[in-house]
There are 2 protein chains.
Amino acid sequence: MPPPAKIRIDLNSAVPAYRQIVDAVRVLLVEGALPPGSELPSVRRLAMDLGVHFNTVGEAYRELAAEGWLDLRHGRGATVIARGLPAAAPERLQEFRTRLRSLVAQMRAEGVPPARIAAELRSLTESLKS
Amino acid sequence: MPPPAKIRIDLNSAVPAYRQIVDAVRVLLVEGALPPGSELPSVRRLAMDLGVHFNTVGEAYRELAAEGWLDLRHGRGATVIARGLPAAAPERLQEFRTRLRSLVAQMRAEGVPPARIAAELRSLTESLKS
DNA sequence: CTTAGTGTACAGTGTACGTGTACAGTCAAC
DNA sequence: GTTGACTGTACACGTACACTGTACACTAAG
């Protein structure tokens, strides 16, 4: 029961491996695929699966723990814990808006048809209702 | 007539300044705010406005030129040129999808209400029709 | 106690980002 | 044609970051 949550990263990407790991695991956490009580693979195990060094995974786990998602204890592994949503910081919203616009602009610049982009955005909007 | 296109960057952000400049200018280009023939401010001028070194702006301009947006010539400045859309690379779409999901997950993780996120996404979808 | 598992700390290496400085091309004034 | 003020470019440097290797410390099972 613990292995189903598989993540993948792109070692050729410009975005750092540890950040890709943080982002990928956070998606699973937010979407409920990793409910409180779940045990994450050990840093060495996940590192082997992803093809990176275990300290890189450790760095990612520590960041997730700092965000309040994980209970990370020496010698015992990483466990998902319950986490209340923080109060939304309004000034962050502007940054998110900018990043969304940039991402859409990049998609358009690389030739993704606007209709296709719209479909992706609608799909994302739908997934928010769950 | 050339000065209205103002951009802003956040020097405290973790994302590199030259990348913020590339992203911000690309948004203006994609949205048509900088039509072919427009002249961009000189590297030194824009650098002063943004509070960075002119080589940082130069780096951003070179990247935009490499993407086919700018005609950048020694001693003459940077001019927006007409640019056909490249054929969309299907494997890139998967990456964009991942980045969109990551961004939305991060917004949710930081407490932005789902309804608010949905509103932002709808707003973006609308802007694609223009 | 031993052992095999866990996460952690820290130094070393390569790379990326931003800057300072010197250089080279362009154009208008004279 | 020369000058001068503008343009972008090249390159070396300092600093910070991403990743790794290695040694360490904690935990649970035998």
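These numbers come from a predicted model, not from an experiment. Just so we're on the same page: letters track the sequence lines, and every chain starts at 1.
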**Study point:** Rounded distance in Å - CD (A:Gln20) to C1' (D:dA18)
**Key:** 12 Å
Point to revise | For atom CE of A:Met48 and atom C1' of C:dT6, their distance in whole Å | key: 16 Å
**Study point:** Contact summary for A:Ala78 and A:Leu70, nearest pair of heavy atoms
**Key:** CB-CD1, 4.4 Å
Exercise for review: Would you mind telling me which of D:dC19, C:dT8, C:dG18 lies closest to the side-chain atoms of A:Phe54?
Suggested key: C:dT8
Review point. So does B:Thr56 get a side-chain nitrogen or oxygen closer than 4.0 Å to the phosphate oxygens (OP1/OP2) of C:dT19?
Key: yes
**Study point:** Short side-chain N/O contact to C:dG25 OP1/OP2 from B:Arg73, under 4.0 Å
**Key:** no
Review point. Just how far, in rounded Å, is P of D:dA18 from CD1 of A:Ile21?
Key: 12 Å
**Study point:** Length of the CZ-P vector between A:Arg19 and D:dA16, whole Å
**Key:** 19 Å
Point to revise | NZ-CG distance between B:Lys6 and B:Leu50, expressed to the nearest 0.5 angstrom | key: 8.5 Å
Review point. Expressed in angstrom and rounded to an integer, what is the separation of A:Glu63 atom CD from D:dC17 atom P?
Key: 13 Å
Point to revise | Whole-Å distance separating the CD atom of A:Glu59 from the C1' atom of D:dA18 | key: 9 Å
**Study point:** salt_bridge(A:Arg99, A:Glu95) N-O dist < 4.0 Å
**Key:** yes
Review point. Considering heavy-atom distances to DNA chain D, does A:Gly75 or A:Tyr18 have its closest nucleotide positioned more toward the 5' end?
Key: A:Tyr18
Practice item. Can you check whether any acceptor in the base of C:dG7 is under 3.5 Å from a donor in the side chain of A:His74, or vice versa? Key: yes
Review point. Less than 4.0 Å between a side-chain N and a carboxylate O, is that true for B:Glu63 and B:Arg19?
Key: yes
Check your understanding: Relative to the 5' end of DNA chain C, which residue comes earlier, A:Arg76 or B:Arg76, by the nucleotide with the nearest heavy atom?
Key -> A:Arg76
Study note, to complete from the structure: 5'-most contact on DNA chain D (nearest-nucleotide basis), B:Asn55 vs B:Gly77, goes to B:Gly77
**Study point:** Distance-only donor-acceptor test (3.5 Å): side chain B:Arg44, base D:dG8
**Key:** yes
Study note, to complete from the structure: The side-chain contact (heavy atoms from CB on, under 4.5 Å) partner of B:Leu124 among A:Val104, A:Thr125, A:Leu124 is A:Val104
**Study point:** Nearest-neighbour nucleotide for the B:Arg62 side chain, C:dT19, D:dT9, D:dA18 considered
**Key:** D:dT9
Point to revise | Nearest-Å distance for atom pair NE2/C1', residues A:His53 and C:dA9 | key: 13 Å
Review point. Between atom CD in A:Glu39 and atom P in C:dG5, what is the gap in whole Å?
Key: 16 Å
